[in-house]
Asker: 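Structure in structure tokens, see below.
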Amino acid sequence: MRVNLLHPWPTSVAEAEAVQERLRPSVELTGPTAFATVAGLDVHYHGDEELTAAVVVLSAATLEVVEQAVAHGRAAFPYVPGLFAFRELPALVQCLERLTVTPDLLVCDGYGLAHPRGFGLACHLGVLTGLPALGVGKTPFVGSCEPPAPERGAWTPIVLEGAEVGRALRTRDGVKPVYVSQGHRIGLGTACGQVLRLSPHARLPEPVRRADRLARHGR
DNA sequence: GCGACAG
DNA sequence: ATCTTGTCGC
């Protein structure tokens with residue numbers, strides 16, 4: 001699929017923040033409720049700046065792999081909380097461009113709306129591709145939430161400035177929750193439903209686990 | 001000033 | 001993110 005990464009790439013914190021502010025109004029918080037194919041995206045770092053990005057497209061019905069791609073590169077921005085996406089975006093976009101199929105949903109490793117400026121990696125990838133996207137984080141990063149009940153499926157809202165920007169969602173009984181937020185063209189309930197459905201036996205959704213494995217081990 | 005801070 | 005084994009439980 002084709003993706004247009006913005007030209008010139010930001011070279012300062014102020015420029016990167018300005019990009020987020022400029023793209024944020026494009027985020028749509030409603031969209032499809034069912035998806036035939038789902039892509040997981042992740043990045044593995046080796047050394048200081050070198051990285052491998054991976055995308056794995058699965059059939060939503062069977063969780064079988066449809067297609068996958070990797071891209072090697074360097075972190076494209078220093079690590080600044082809130083600007084995390086700028087490190088990985090070029091390599092992730094390159095992965096997506098190597099796909100011959102267009103996935104119906106992007107499952108990103110990180111946050112979407114649950115972000116200091118309401119524009120995390122999942123929003124950024126969603127807006128650049130125009131595809132529905134959601135973010136799954138492994139740690140609470142922004143806002144506040146109560147721990148959900150210990151049963152799989154239990155959730156609590158992540159609240160930021162009085163608004164629900166995501167949910168802490170238990171995907172396995174008695175295991176730490178994941179933190180789900182909308183990226184683009186998806187409702188929060190749909191996003192959580194997809195994460196649950198895509199995580200039948202592990203804490204993290206299968207597409208993200210596959211992408212993580214591909215980025216780390218090349219398989 | 002110090003700690004916190006998606007990956 | 002990364003440095004890292006075995007172990008317990010489903």
Side-chain angles (χ1 to χ4, degrees), chain A residues 10 13 16-17 19-20 23-24 27 40-56 70-95 106-128 133-145 150-153 158-161 165-184 188 191-192 195 199-218:
Chain A
V13 166
E17 288 177 349
V19 170
Q20 292 180 330
L23 294 181
R24 179 173 55 179
V27 168
L41 301 97
D42 196 19
V43 170
H44 175 68
Y45 290 84
H46 24 286
D48 238 14
E49 296 289 281
E50 287 179 59
L51 55 79
T52 301
V55 56
V56 179
V70 298
H72 302 286
R74 299 197 140 261
F77 206 80
Y79 177 66
V80 180
L83 299 178
F84 164 65
F86 290 94
R87 291 176 72 68
E88 308 189 339
L89 227 25
L92 288 171
V93 164
Q94 195 170 12
C95 284
L106 304 180
V107 180
C108 307
D109 186 33
Y111 281 122
L113 204 64
H115 174 277
R117 279 171 298 281
F119 198 77
L121 173 65
C123 297
H124 211 139
L125 274 168
V127 168
L128 290 186
L134 64 85
V136 181
K138 295 182 282 292
T139 60
F141 165 56
V142 73
S144 59
C145 60
E151 297 79 29
R152 167 178 158 90
I158 301 173
V159 177
L160 181 64
E161 293 164 9
V165 295
R167 288 176 185 169
L169 175 66
R170 196 85 66 175
T171 53
R172 294 196 67 186
D173 289 356
V175 173
K176 280 192 303 181
V178 296
Y179 303 87
V180 179
S181 59
Q182 290 150 283
H184 186 50
L188 183 52
C192 290
V195 169
S199 314
H201 56 250
R203 179 183 177 228
L204 292 173
E206 199 58 27
V208 172
R209 300 182 69 225
R210 303 289 306 219
D212 177 83
R213 198 180 80 174
L214 179 60
R216 307 175 103 80
H217 303 117

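Because the structure is a prediction, the values reported are computed rather than measured. Chain identifiers are assigned alphabetically (A, B, ...) following the order of the sequence lines, protein sequences preceding nucleic acid strands; residue numbering begins at 1 within each chain.
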Asker: Does anything in residues 199-209 of chain A form a salt bridge (charged side-chain N to carboxylate O under 4.0 Å, His left out)? List the pairs, not counting sequence neighbours.
Answerer: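 Qualifying pairs, neighbours excluded: A:E206-A:R209.
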Asker: What residues form a ring-ring contact (aromatic ring centres under 6.0 Å, His included) with A:Y45, not counting sequence neighbours?
Answerer: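 Not a single residue meets the ring-ring contact (aromatic ring centres under 6.0 Å, His included) criterion with A:Y45.
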Asker: For DNA chain C, which ranges pair as stems of 3 or more consecutive Watson-Crick or G-U pairs, with both donor-acceptor distances under 3.5 Å?
Answerer: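 Paired runs of 3+ in DNA chain C: none detected.
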Asker: Starting from P on C:dA1, measure out to CZ on A:F86 and report it in whole angstrom.
Answerer: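 Taking atom P of C:dA1 as the reference, CZ of A:F86 is at 21 Å.
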Asker: Might you list the N or O atoms of the protein lying below 3.5 Å from N or O atoms in nucleotides 2-7 of chain B, with each pair's distance?
Answerer:
unit_1 : atom_1 : unit_2 : atom_2 : d
B:dA6  : OP2    : A:Y79  : OH     : 2.6
B:dA6  : N7     : A:G82  : N      : 3.3
B:dA6  : N6     : A:G82  : O      : 3.0
B:dA6  : N6     : A:F84  : N      : 3.4
B:dA6  : N6     : A:H115 : NE2    : 3.3
B:dA6  : N1     : A:L121 : N      : 3.3
B:dA6  : N3     : A:Y111 : N      : 3.2
B:dG7  : OP1    : A:K138 : N      : 2.9
B:dG7  : OP2    : A:T139 : OG1    : 3.2
B:dG7  : O3'    : A:D109 : OD2    : 2.9

Asker: Rounded to the nearest 0.5 Å, what separation is found between the CD1 atom of A:I158 and the OG atom of A:S144?
Answerer: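 Spacing of CD1 (A:I158) from OG (A:S144) equals 9.0 Å.
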Asker: List every contact pair, protein side and nucleotides 8-10 of chain C side both N or O, where the distance is under 3.5 Å.
Answerer:
none

Asker: Counting C-beta onward and ignoring hydrogens, is there a side-chain heavy-atom pair between A:L92 and A:V55 closer than 4.5 Å?
Answerer: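 Not in contact.
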Asker: Without swapping roles, check the side chain of A:R152 against the backbone of A:T171 for a donor-acceptor pair under 3.5 Å.
Answerer: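 Between the backbone of A:T171 and the side chain of A:R152 there is a qualifying donor-acceptor contact (under 3.5 Å).
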Asker: Just to verify, what does A:T52 make a side chain to side chain donor-acceptor pair (under 3.5 Å) with, not counting sequence neighbours?
Answerer: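 By the side chain to side chain donor-acceptor pair (under 3.5 Å) rule, A:T52 matches A:H46, A:H72.
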Asker: Run the side chain to side chain contact (heavy atoms under 4.5 Å, CB included) test against A:R117 and tell me which residues pass, sequence neighbours left out.
Answerer: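 Testing A:R117 for side chain to side chain contact (heavy atoms under 4.5 Å, CB included), a comparison that skips the adjacent residues, returns A:E17, A:Q20, A:E21, A:R24, A:L83, A:H115.
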Asker: In dot-bracket notation, what is the pairing pattern of DNA chain B, taking Watson-Crick (N1-N3 plus N6-O4 or O6-N4) and G-U wobble (N1-O2 and O6-N3) contacts under 3.5 Å, with [ ] crossing and | for other strands?
Answerer: .......
Asker: Once side chain to side chain donor-acceptor pair (under 3.5 Å) is applied, do any residues pair with A:D42, and if so which ones, sequence neighbours excluded?
Answerer: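 Result, side chain to side chain donor-acceptor pair (under 3.5 Å) vs A:D42: none returned.
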Asker: With sequence neighbours left out, what residues match A:R74 under side chain to side chain donor-acceptor pair (under 3.5 Å)?
Answerer: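 Here no residue qualifies.
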Asker: Tell me every residue that passes ring-ring contact (aromatic ring centres under 6.0 Å, His included) with A:F77, counting only those two or more places apart in sequence or in another chain.
Answerer: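 Partners of A:F77 by the ring-ring contact (aromatic ring centres under 6.0 Å, His included) criterion, ordered by chain and then number, come out as A:F86.
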Asker: Which salt bridge (charged side-chain N to carboxylate O under 4.0 Å, His left out) pairs, counting each pair once, include a residue from residues 175-184 of chain A, with sequence neighbours left out?
Answerer: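 Those involving residues 175-184 of chain A do not exist here.
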Asker: Answer whether the closest heavy-atom distance between the side chains of A:K138 and A:L204 falls below 4.5 Å.
Answerer: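 Yes, side chains in contact.
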